[in-house]
There are 2 protein chains.
Amino acid sequence: MATTIRSVAAAAGVSVATASRALSGSPAVVDSTRRRVIQAAIALDYTPSRLARSLVTGSTGNVGVILPDITNPFYTSFLAGLEAALGAQDIGVLIGDSGENPDRENRLVRRMSTQVDGLVLASSRLSDEQIVAATSRRPVVLANRMLETSEELPKRLGQVVIDVHPGFTAAVNHLSSLGHRQLTYVDGPAQSWSGRQKRIALTLACSALGLPLRIRSTTRADFGAGRTAGRQVAAEAAQDGTTAVIAFNDQMALGVLAGLREAGKDVPGDLSLVGCDDSLEDGLAWPALTTVGSSARALGELAAHKILNPMGQEAGLIPTALIVRDSTERARSDRGAPVA
Amino acid sequence: MATTIRSVAAAAGVSVATASRALSGSPAVVDSTRRRVIQAAIALDYTPSRLARSLVTGSTGNVGVILPDITNPFYTSFLAGLEAALGAQDIGVLIGDSGENPDRENRLVRRMSTQVDGLVLASSRLSDEQIVAATSRRPVVLANRMLETSEELPKRLGQVVIDVHPGFTAAVNHLSSLGHRQLTYVDGPAQSWSGRQKRIALTLACSALGLPLRIRSTTRADFGAGRTAGRQVAAEAAQDGTTAVIAFNDQMALGVLAGLREAGKDVPGDLSLVGCDDSLEDGLAWPALTTVGSSARALGELAAHKILNPMGQEAGLIPTALIVRDSTERARSDRGAPVA
DNA sequence: TTCACGAATGAAACCGGTTACATTAACCAT
DNA sequence: ATGGTTAATGTAACCGGTTTCATTCGTGAA
């Protein structure tokens, strides 16, 4: 039923070898023959089977991507960047949603491994050992995660991450200069590697300024978790003196915003709020959210590049910067006072 | 290097045929043998090659999905539903972003066709003929789009759509009962099938009530297009008397919201606003957006079901309903007047 | 005892491409 | 003319599984 290369060869009156060579542009075939073959292929509407080709060449022409949550705009942008960069090279993209579940993620790795040339794991929830193990199946690029190992990295492992330091220290400096003296960080899930990076960056920046930092952990990184955290922050702000909140990502920041409002707090009137990722379209939040921005899309493109050119062991870095909008304001206690 | 079924067979001391049977659970293999083979497979960390299997069985175990824009939350939810439903059956998902470009979409169809068991085209930008042509390669499920053809449908074509009528007529009735007498619909791209459905539903509902409807078309369905449309609506509202706006989708509604605000208009004070898709997380918009809701996720799940069980020619339907929130309010001209 | 039959396993073809190697033919130098 | 190159094409093996068909062996009936 399907039109194979043998039917094309027959139609063109040549052997399958010649047909294959003619279609793949080998120079060892004379022009007149090539024309005949191509004409036959067009006439029969022939499309070569990627499966068969992959089987013999050993390269499949597609890569697998595993994300913790397709729905999250950060991963969506990441995926868009990745897909665009790979699609431009005519490479296919297999996706899997791990639902932040390591077992599921591992199953996806196994499942995909035999039909991709490489795997991109975004914010992987696997253990270092599991990741190293995956490496023995296919080349792997970690995005938004790095191995803890100080030993030499597996040869077939690449890493691309967002460097949160510049953005988060800028955020702390910004809040400090606005007179905020007690910050609260609403963290994401404890296993998250990037969450830890953020905690470190914030802790560093705060201690450099002698500012106290309160860290509030959550189990998920979504709107709902942010909301309950927001309510709690509001309830305890009177005691602990928190006047500014930094959130793990923008979705949680929106949740915090909602939680604070439910508790009768105004942003930025009562508390200032800083998000992360700059994943919200203009005007999507009200007030517009001050956020630590970085391009998830750029991260995706970098990951694509890394999986195609495995050379280079150093981690690829995408920088962050603070994007000041309307959700941060001078601390109430500091209002009217001269600028520091 | 890779561990193949032959190495497993050798290790277990059986032929490849027996190894294959043992692993695929054929009853024609005695238990003791099966155990030996399985042990060998585990010892060698054997994972069967999907490629090789597909080549001979003719079924690949994955489906392709083509979306106009991965970044759009509607398609993201759709994709999430689809991936979840297919993943549960251990079916892989290949994605492609057409960028709303028919040529690109066609290339993706060709590219994927040899490595998937079926194709899901979401809001396809292809012509009816092109879609029918794709059908001859693989079974196709159209999502959010139907063929115009009155002739018999190709046997291998399924359709799943969102039935916009209930939601949109409810929206019109809702606005009408609030005293709005001139509505403006901010449409999406003209080629969009679902856009046409929405125009039809609105026109019908309005004429049933004797309400005039102004339709404003745009070229893209994103925030930016909504914003410029919002500015224009604000500028002309004084002349044409528009007091309520319905948007093609929530992203555009947010754009319209931003555009109106830039022009000094308040929502819902000056104008009421209705979105579509209910794609925004709780509290993501301010004020919370009244919207015509339907579950893109459910549509994705239905598409997954349809591609797995091709039986049934009738289009699958996902209903819509109006979700009233805070962006719609009694028309200013009508305030203080008794409720109709 | 012999034969038929069925159960368990093995040998080999096959899926649709690519590619190493063999073959043919044409051309040039001797 | 003859032998050696080289260019163009053909033959067949191969990728890693599945599946058809053949083979072997044990068992029960004749």
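Heavy-atom basis, side chains included; hydrogens, waters and symmetry copies ignored.
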SB check [X] [Y] (cutoff 4.0 Å):
{"X": "A:Asp128", "Y": "A:Arg145", "answer": "yes"}
{"X": "A:Asp117", "Y": "A:Arg138", "answer": "no"}
{"X": "A:Glu100", "Y": "A:Arg125", "answer": "yes"}
{"X": "B:Arg137", "Y": "A:Asp45", "answer": "yes"}

* End-to-end axis angle, where each axis spans five pairs of the helix from C:dT1-D:dA30 to C:dT30-D:dA1, to 10° ->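 Axis-to-axis angle, ends of the helix: 70°.
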* Asked: When the distance from CG of A:Leu23 to P of D:dT9 is rounded to whole Å, what number comes out?
  ->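 After rounding, the reported distance stands at 13 Å.
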* **Gap between atom CZ of A:Phe78 and atom CD1 of A:Ile318 - 0.5 Å precision** =>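 So the gap between those two atoms works out to 10.0 Å.
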* Is A:Ser54 touching bases, backbone alone, or none of the nucleic acid, heavy atoms closer than 4.0 Å? ->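 Since no nucleic acid heavy atom lies under 4.0 Å of A:Ser54, the category is nothing.
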* salt bridge (Lys or Arg N to Asp or Glu O under 4.0 Å) assessment of B:Asp90 paired with B:Arg50 -> CA-CA 12 Å; B:Asp90 200 36; B:Arg50 284 210 172 232; 3.0 Å; yes
* To do: Check the side chains of A:Ser24 and A:Ser26 for a donor-acceptor pair under 3.5 angstrom, ignoring hydrogens and angles.
  => no
* Answer yes if the side chains of B:Arg110 and A:Thr47 hold a donor-acceptor pair under 3.5 Å, and no otherwise. =>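 Side-chain D/A pair, B:Arg110 to A:Thr47: present.
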* To do: Would you mind building the protein contact string for nucleotides 13-22 of chain D? One character per nucleotide, 5' to 3', B for base within reach (heavy atoms under 4.0 Å), S for sugar-phosphate only, - for untouched.
  => --BBBBBB--
